[in-house]
There are 2 protein chains.
Amino acid sequence: MTAGSTVLVVDDDVQVRRFLRTTLAGHGHATVEAGTIAEAIDAIRRFQPAVVLLDLGLPDGDGLAVLRALPAEQRPPVIVLSARGQEGDKVVALDAGAEDYLTKPFGASELLARIRVVLRRGGGTAATPAILQVGPIRIDQPRHTVTIDGREIHLTPIEFRLLLELARCPGRVLTHRQLLSEVWGPSAVEHTHYLRVHMAALRRKLEADPARPQWLLTEAGVGYRLREPAA
Amino acid sequence: MTAGSTVLVVDDDVQVRRFLRTTLAGHGHATVEAGTIAEAIDAIRRFQPAVVLLDLGLPDGDGLAVLRALPAEQRPPVIVLSARGQEGDKVVALDAGAEDYLTKPFGASELLARIRVVLRRGGGTAATPAILQVGPIRIDQPRHTVTIDGREIHLTPIEFRLLLELARCPGRVLTHRQLLSEVWGPSAVEHTHYLRVHMAALRRKLEADPARPQWLLTEAGVGYRLREPAA
DNA sequence: GCAAGTCTTAACGCGATCTTGATCGAAGCT
DNA sequence: AGCTTCGATCAAGATCGCGTTAAGACTTGC
């Protein structure tokens with residue numbers, strides 16, 4: 001049983017919204033609703049939903065304006081729900097950035113299945129959870145604190161961002177270039193020695209024996225990774 | 001104009017294949033074709049297409065067997081094309097791992113648009129799958145680890161890259177020049193001696209009896225290849 | 001303007017890895 | 001058989017990459 005996700009429903013028809021709300025709620029999804037383009041954009045920024053269900057006929061204009069208003073990287077996947085089933089409409093919407101297009105009327109189980117498809121791709125652009133935990137290491141982004149086995153430790157800004165990058169994909173190796181580019185900016189991809197110094201500092205703070213790291217592992221010649229705790 | 005990608009068409013109807021082939025070719029996509037489940041799986045391994053168009057009614061069984069035969073990480077995105085439009089069929093296919101589901105008959109422009117959708121997610125390029133498996137040897141690129149029968153083994157950077165090159169096209173012989181050029185750079189194509197030393201090291205690590213290799217085979221006078229497991 | 005904390009930069013030691021040369025065996029040719 | 005060629009193996013030296021330390025420059029808050 002997957003945990004439900006937050007779904008933003010954008011439609012000006014209250015009937016449709018209620019139908020979708022109950023359907024989604026019945027399968028463990030939290031819903032947020034919007035009736036106009038402006039509300040939709042605002043809700044995406046505010047709630048960072050995992051999926052957006054978007055009707056095209058909105059009172060303040062074409063629903064695709066929502067897609068154009070936000071760059072693809074900071075936009076949740078959008079499934080268009082439209083009464084119009086013309087092939088041309090679908091092509092326009094898909095090319096505008098929609099992930100899928102369902103023609104009304106559609107069945108609830110198909111909609112739920114298509115939501116599962118975009119959710120399982122997940123990761124990607126979806127916002128990282130506010131609190132990450134990898135083994136004994138817990139990163140609380142809103143509070144900007146890191147605790148290890150419950151004990152709070154102080155990290156410098158760079159150390160925090162390094163650890164955050166690694167914790168977003170536990171087990172995966174991040175290359176030197178990736179880390180440098182994310183933390184110091186794309187112009188710093190050459191300065192691999194930055195990493196050595198700051199990784200050493202990180203290890204001193206969060207490893208029991210910094211000389212034999214258990215979590216912050218080096219992949220020689222490639223990069224670093226945070227060990228994924230056995231499931 | 002985006003560069004076309006390789007598309008695998010899986011359908012037992014020659015008419016359908018020809019229609020899709022010409023449609024796709026007209027939009028810059030190279031096509032590969034398969035008529036059975038076995039052919040499809042083989043073609044995915046061999047050609048690593050960027051997308052698969054999958055018909056469900058194949059002579060040797062349910063087309064969804066293709067999805068079940070390959071783990072999600074080493075499988076290109078699949079768009080199901082089916083004559084059956086029942087909601088239940090769609091849900092089953094989508095939950096089995098398909099990225100999209102089109103009911104025949106469909107329009108060419110919608111199909112092309114939906115192909116563009118899955119391609120833009122994958123970065124457009126037909127990248128090698130993240131996880132490769134050849135016989136008991138499994139290469140996990142994001143984690144940068146190699147396991148053999150589940151046991152993790154440590155490879156040096158050069159060994160890892162050599163094995164990766166070979167595993168990208170199991171069964172095919174890579175010449176000395178190709179391997180040297182890929183791993184050491186184009187200026188090193190003369191130093192065939194490097195290969196002997198590092199291949200020996202690789203065999204020590206992943207062959208049960210390095211003197212009689214089962215997987216890392218020498219093609220005398222030509223190069224090396226990784227044996228393709230019987231399908 | 002001072003002080004604490006943080007980041008950059010350089011130098012050094014160490015272990016892992018790569019290169020290089022020598023030796024041995026197998027296969028093919030004269 | 002003897003020679004030649006190619007591949008496998010081994011070991012030693014050279015090199016590379018990483019961790020560590022510390023000093024100076026910079027930022028930040030008081």
Side-chain angles (χ1 to χ4, degrees), chain A residues 144-146 152-166 173-180 182-185 187-226, chain B residues 144-146 153-166 173-185 187-226:
Chain A
H144 211 264
T145 59
V146 174
E152 181 167 343
I153 59 176
H154 171 74
L155 296 187
T156 70
I158 282 190
E159 289 159 11
F160 187 85
R161 293 169 67 189
L162 271 178
L163 182 60
L164 188 58
E165 287 300 322
L166 290 166
V173 174
L174 294 185
T175 65
H176 299 138
R177 300 184 68 90
Q178 287 174 329
L179 287 167
L180 287 164
E182 288 293 334
V183 176
W184 278 270
S187 59
V189 289
E190 306 295 324
H191 303 176
T192 59
H193 53 276
Y194 289 8
L195 286 175
R196 291 202 268 282
V197 172
H198 291 280
M199 286 294 177
L202 252 181
R203 286 198 177 119
R204 269 199 299 277
K205 294 181 181 178
L206 51 81
E207 292 280 1
D209 178 1
R212 281 177 213 76
Q214 298 295 301
W215 299 100
L216 203 47
L217 306 182
T218 301
E219 208 64 38
V222 186
Y224 293 86
R225 68 173 152 163
L226 205 59
Chain B
H144 211 265
T145 57
V146 174
I153 59 175
H154 172 76
L155 297 187
T156 70
I158 282 190
E159 289 159 10
F160 188 87
R161 292 169 67 189
L162 271 178
L163 182 60
L164 189 58
E165 286 302 321
L166 290 165
V173 176
L174 295 184
T175 66
H176 299 138
R177 300 184 68 89
Q178 285 174 329
L179 287 167
L180 287 163
S181 174
E182 288 293 336
V183 176
W184 278 270
S187 60
V189 288
E190 306 297 323
H191 303 175
T192 59
H193 193 68
Y194 292 4
L195 283 176
R196 299 203 191 97
V197 173
H198 290 281
M199 285 296 178
L202 252 182
R203 285 193 177 125
R204 269 199 301 278
K205 294 182 181 178
L206 52 82
E207 292 281 1
D209 178 1
R212 283 176 212 76
Q214 297 296 300
W215 299 101
L216 203 48
L217 307 181
T218 302
E219 210 64 37
V222 186
Y224 293 86
R225 71 189 161 105
L226 204 59

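Just so we're on the same page: letters track the sequence lines, and every chain starts at 1. Note that these values count all heavy atoms, side chains included, but never hydrogens, waters or copies made by symmetry.
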Q) What's the closest nucleotide to the B:I158 side chain, out of C:dC18, D:dC18, C:dA22? A) C:dC18

Q) Taking C-beta and beyond as the side chain, do A:E159 and A:L206 meet within less than 4.5 Å on heavy atoms? A) no

Q: Give a yes or no on whether a salt bridge exists between A:R225 and A:E219, defined as a side-chain N under 4.0 angstrom from a carboxylate O.
A: yes

Q. Within less than 4.0 Å of OP1 or OP2 of D:dC6, is there a side-chain N or O belonging to B:H193?
A. no

Q: Going by the side-chain contact (heavy atoms from CB on, under 4.5 Å) test, name the single residue among B:L174, B:T175, B:L162, B:L195 that passes it with B:L180.
A: B:L195

**Q.** Gap between atoms CG and P, on B:L155 and C:dC18 respectively (whole Å)
**A.** 10 Å

(Q) Could you tell me how far apart A:R196 (CZ) and D:dC18 (P) are, to the nearest whole angstrom? (A) 6 Å

Q. Between B:H154 (NE2) and C:dG15 (P), how many Å, whole number?
A. 16 Å

Q. Considering only side-chain heavy atoms of B:A200, which listed nucleotide, C:dT6, C:dC18, D:dT9, is closest?
A. D:dT9

Q | N or O in side chain of B:R203 less than 4.0 angstrom from D:dA8 OP1/OP2 | A | yes

Q. What's the closest nucleotide to the B:H198 side chain, out of C:dT20, D:dA8, C:dC18?
A. C:dC18

Q. Which nucleotide in the set C:dA10, D:dG19, D:dC6 lies at the smallest distance from any side-chain heavy atom of A:V197?
A. C:dA10

Q) Between C:dT17 atom C1' and B:F160 atom CZ, what is the distance in whole Å? A) 16 Å

Q: Evaluate the ring planes of A:H193 and A:H191, with Trp represented by its six-membered ring, and classify them as parallel (under 30°), tilted (30 to 60°) or perpendicular (over 60°).
A: parallel

Q: Starting at atom CD of B:E190, determine the distance to atom P of D:dC6, rounded to an integer number of angstrom.
A: 13 Å

(Q) Please report the distance, rounded to the nearest Å, between CZ in A:R177 and C1' in D:dG17. (A) 17 Å

Q | Atom-to-atom span, CG of A:L180 to P of C:dT9 - whole angstrom | A | 12 Å

Q. Side chain of A:W184: nearest nucleotide among C:dT6, D:dT20, C:dT8?
A. C:dT8

Q | Position toward the 5' end of DNA chain D (nearest nucleotide), B:R204 or B:T192 | A | B:T192

(Q) Do A:K205 and A:T156 have side chains that approach each other closer than 4.5 Å (heavy atoms only, starting at C-beta)? (A) yes

(Q) Looking only at the side chain of B:Y194 (C-beta and beyond, no hydrogens), which of the listed nucleotides D:dT20, C:dT19, D:dG7 gets closest? (A) C:dT19

Q. For the pair made of CE in B:M199 and P in C:dT19, what is the distance, rounded to whole Å?
A. 13 Å

